[in-house]
Amino acid sequence: MLNRRDLLASTMVLVLAGSAAFAQSWNAQYPELVFAKVPDENASGTADRWTPFVNYLSKELGTKVTLRIANDYAAVVEGQRAGHIHIAMYGPASYARAYITGAKVEPFAIEVSGDGTKGYYSVLYVKAKAPYQTIKDLKGKNLCLVDPNSTSGNNVPRFAMDKMGIDPENFFGKVVYAGSHENAVIGVAQGTCDAAFNWWNDEKESNLLRMERKGMAKAADFRIIFKSDLIVNSPMAYLTSLPENLKAAIKKAVLEVHAKDPAAFNKIYEGKQLPFVEVDHKAYEPVVEMIKFVDELRKKKRLS
């Protein structure tokens with residue numbers, strides 16, 4: 001007859017055996033998981049920021065996780081639609097684009113800003129000494145956007161400008177897609193553009209402040225002349241086709257990274273963000289509707 005101690009020991013053996021078999025099943029079905037990040041900064045900066053996190057995921061999941069830094073936002077969407085990218089970290093508009101175009105993805109974690117909000121803003125930068133005070137002062141000037149699938153760098157600005165009665169391609173002298181948030185700021189600094197849209201969390205964190213910390217720009221050289229309504233923060237999403245137990249393990253690892261590997265978490269956000277929290281598709285329904293609206297604007301323009 002088994003006593004209580006023997007029974008407990010037997011139970012632990014079964015649990016450990018089950019866990020080992022669980023990990024082996026992941027390795028067999030998914031010897032490699034691909035984690036992709038949209039290029040909101042240069043490739044080396046993205047790699048430095050996210051590699052420790054990817055290494056943490058590999059350790060927690062017991063299977064290789066590879067970081068893929070996409071050339072543009074669309075590459076992440078296409079990769080998920082094709083099933084080649086298993087997990088992605090991208091902006092709200094990129095997730096909405098993936099969802100609208102048929103990618104089978106589920107958002108499961110959301111960034112939380114340093115002030116506790118789950119949102120950020122699109123802002124329009126000009127040089128600090130430039131005479132412009134509002135968007136309408138920029139008529140005939142050059143505008144830097146980020147990427148067609150950027151939330152704060154394209155879609156929210158177009159949505160906001162439409163409300164103002166502004167058609168960017170007719171209002172500005174030239175509209176340029178810079179390719180990244182950093183490049184958009186550099187475009188203003190170098191005079192390629194007179195203004196650039198970018199992401200901004202609060203007075204303590206923004207793309208511009210990140211660039212200043214890296215010696216790429218001086219925040220005092222720029223001034224904000226427009227700030228959008230609050231945008232829901234960026235999601236992390238995985239393929240719905242992944243096994244439920246694997247998705248649960250990925251979610252658990254991401255939600256616990258701040259506690260289990262604080263160095264990896266702080267490398268991403270430099271201590272400026274709070275831990276990830278759980279999220280689902282419902283939080284992004286307003287963004288999906290905004291993307292559909294912006295698509296209709298483009299369609300009407302092509303037909304006119």
Salt bridge flag under 4.0 Å for residues [X] and [Y]:
X    : Y    : result
K272 : D202 : no
K218 : E212 : no
D295 : K292 : no
R298 : E169 : no
E182 : R210 : no

message: If only side-chain N and O atoms count, and only distance matters, is there a donor-acceptor pair under 3.5 Å linking N207 with N198?
response: yes
task: Using distance alone, with no hydrogens and no angle criterion, decide if Y269 and E111 have a side-chain donor and acceptor under 3.5 Å apart.
output: yes
Can any side-chain N or O of [X] pair as donor or acceptor with the backbone N or O of [Y] at less than 3.5 Å?
X    : Y    : result
R223 : A128 : yes
T117 : S113 : no
D162 : R158 : no
D137 : Y132 : no
H84  : G79  : no

Output field: ring centroids F35/W50 closer than 6.0 Å: yes
Close aromatic pair by centroid cut-off 6.0 Å: F293 and F159: yes
- prompt: With a cut-off of 6.0 Å (strictly less than), are more than 12 heavy atoms of other residues, nucleotides or ligands near NZ of K64?
  reply: no
statement: In short, ring-ring contact (aromatic ring centres under 6.0 Å, His included) pairs touching residues 93-116 with sequence neighbours left out are Y95-H281, Y95-Y284, Y99-H281, F108-Y238
message: Check for me, please, whether I69 and L57 land in the same ILVMFWY cluster - side-chain distances under 4.5 Å, paths through other members count.
response: yes
- request: Could you list the residues that satisfy side-chain contact (heavy atoms from CB on, under 4.5 Å) with A96, not counting sequence neighbours?
  value: V287, V288, I291
field: Residue list, side-chain contact (heavy atoms from CB on, under 4.5 Å) with K59, at least two apart or on another chain
entry: none
